[in-house]
Structure formats: structure tokens, C-alpha cells
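Atoms within a ligand are numbered from 1 in the order they appear, just like the ligands themselves.
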Amino acid sequence: MQLARRREQLRPQLAQWRRAGETVALVPTMGALHEGHLALVRCARTRARRTVVSIFVNPAQFGPGEDFHRYPRDEAGDLAKLAALGVDLVYLPDAADMYAPDHRSWVVVEELSEGLCGASRPSFFRGVATVVLKLLLRVRPDLAVFGEKDYQQLLVVRRMVRDLDLDLEVVAHPVVREPDGLALSSRNAYLSPEERRIAPALYRSLCWGRERLLEGAAAEAVCAAIAARLVEAGFRAVDYVELRDAEGLRPLCRFDGRPARLLAAAFLGTTRLIDNLPLSRPA
Ligand code: PAF
């Protein structure tokens, strides 16, 4: 497995693969890799001849007062996991390699970036879209794999790829969960044992809400009931619980049979957890 810490170090290997006609998949990550990330890597390995994983804790997607400085970092552990999976190349830029000191250009995907996580994290998607575009331009992969746990992020990236004519496939991978339903996330490491015990209530409440929505209940009432369940379970505050259409994230009054997504974000102590579930008409 090769390592590249600067963008010039990427070029020779990528050029050689391209000359040989080998397909390349990119899995962008912020490190602190868990089984969810590893599932994305395994998916990439089945879809392309070569797999590149990037590890970069992107300062541009953290707001003031957010957890950029304490975000978990474990380079040695990450590299061991990726080597064991047969990854070909890991790109580990630092902030200086990614952003010039006078960097002033940003990618904004309008509408999709607003609301949900974009409401409480106003520059988050601008930071994500910008860094993902830079990674895509540097690696020029045939496909890139993103997890559905960050569902709004997935749609923002998809729309950017379409709108800016980037020639690659964006592959979505379903949420990977602990046996008790908690969606895997690097931020789960922040949870105290008591918070970890409470955390699966997010998934359970969404499952409960999905059943009510499939029965035809109004979204507003169901989302309010999910929020109440979360607070009852021990969540400190609920950021949002919403039913949206699965492609454009337009708010829905009720499930109408077309693909939809039930999404939530809530605080357990100081940790903000997100999760979402798909809704579709039973076959
Ligand atoms: O999902 C993440 O880990 C990050 O938002 C991403 C896509 C790697 C961009 O920094």
C-alpha cells in the first residue's frame, strides 16, 4: 500500500494506472476508521481495479466551537486497517497541501445544502463540497463511494458532480449499524458508557416513526412524537426530525408512496448524532 502526503506524490501512480487502463475508486474519509468506512472500502474494491482512500480532517467543514481539534485521529490504526483490506493508495494531505493560505474559492450547492444539517451547521456543506471536489480533481477516480448515514451529504455531492459535469459515478452504501441499531460514526467514540446505552434510541425511534408513516400518519405529528421519544430516552436536545423526499429533500406532509427519507439529528450530552431511514412502498 502506497502513501502520498502531497498531491505531487499522487500523480505518478495515478498516471500509471490510467495508462494501463485500470479503473480507480476513491473513498474520501476523515480517518478514525470504523466498520462503516471499511464497508465503503470493500464496496470500492469490488467496483474498481484500484482503490484510493483519502484521510483528511477537513477544517473547512467545522464551524466555530465544533469539534475540529478533538475529532478522533488514529493514523497508524487507520493505515493498518486499510492495508489489511488491500487498499492500493492512501492520500493523507495536511491542511497546507489542501488549502493555499489565501484560498478563497468555495463550492456551494444551493437548496440541498439548506435545512436539516445545513440549518445548524451553515458552512458545513460548503466545506464538504469544496474538499470533495478538490479530492476528485486530484485523484480523478472513475467512481467515489459515500455512506448513506450522511444522506444529505451524499445528495449534495451527487448534485455537485452532476452540475459541474464531473465524469464519475457516485456510489451510495447503506448505513452500517451496531447490533443494537446505532449507526456507526467516528463521533460515537465521544459517548460515555451511559450515553452509549441511550444512543440506539435514535434508530429505534426512527423505526417506530417509519411504521406510523407507512400506515399513513401525518409527518408533523410523527416527527414530533419521535422527538419526544428521544428526549424521554435521555437525549439533551433534538436538532431536527423530518420526512423528506429521497431525491431532492423536499419536505413531505406524509409518505405518498414515492421514495422518501426520515432524517434526524439530536444531541446526546455534547455529541450530535445523525441517522436516517429509507421509506418506500412495501413490494
Ligand atoms: O463524510 C466524511 O467523512 C467527510 O464529510 C468527507 C466526505 C470525507 C469530506 O471531508
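Under a 4.0 Å criterion applied to the non-hydrogen atoms of Val131, ligand 1 contributes the atoms 9 (C), 10 (O). Numbered from 1 in the order shown, with element, the atoms of ligand 1 that lie under 4.0 Å from a heavy atom of Pro28 read 8 (C).
Taking the six-membered ring for Trp, Tyr71 and Phe62 have ring centres closer than 6.0 Å.
Within the structure, side-chain hydrogen bond (donor to acceptor under 3.5 Å, both in side chains) contacts touching residues 155-175 (residues at least two apart or in different chains) are Arg47-Glu169. For residues 254-283, no pair satisfies ring-ring contact (aromatic ring centres under 6.0 Å, His included), with sequence neighbours left out.
Comparing heavy-atom distances from atom 10 (O) of ligand 1 across His37, Lys134, Gln61 singles out Gln61 as nearest.
When only non-hydrogen protein atoms are considered, atom 3 (O) of ligand 1 lies nearest to Met30 CG, 3.6 Å. Protein heavy atom at the shortest distance from atom 5 (O) of ligand 1 is Gln153 OE1, 2.7 Å.
For the pair Arg229 and Trp208, the cation-pi test (distance below 6.0 Å, angle within 45°) is passed.
No hydrogens or angles considered: nothing links the side chains of Tyr203 and Asn276 as a donor-acceptor pair under 3.5 Å.
Contacts between Thr29 and ligand 1 below 4.0 angstrom, taking non-hydrogen atoms only, involve the backbone exclusively.
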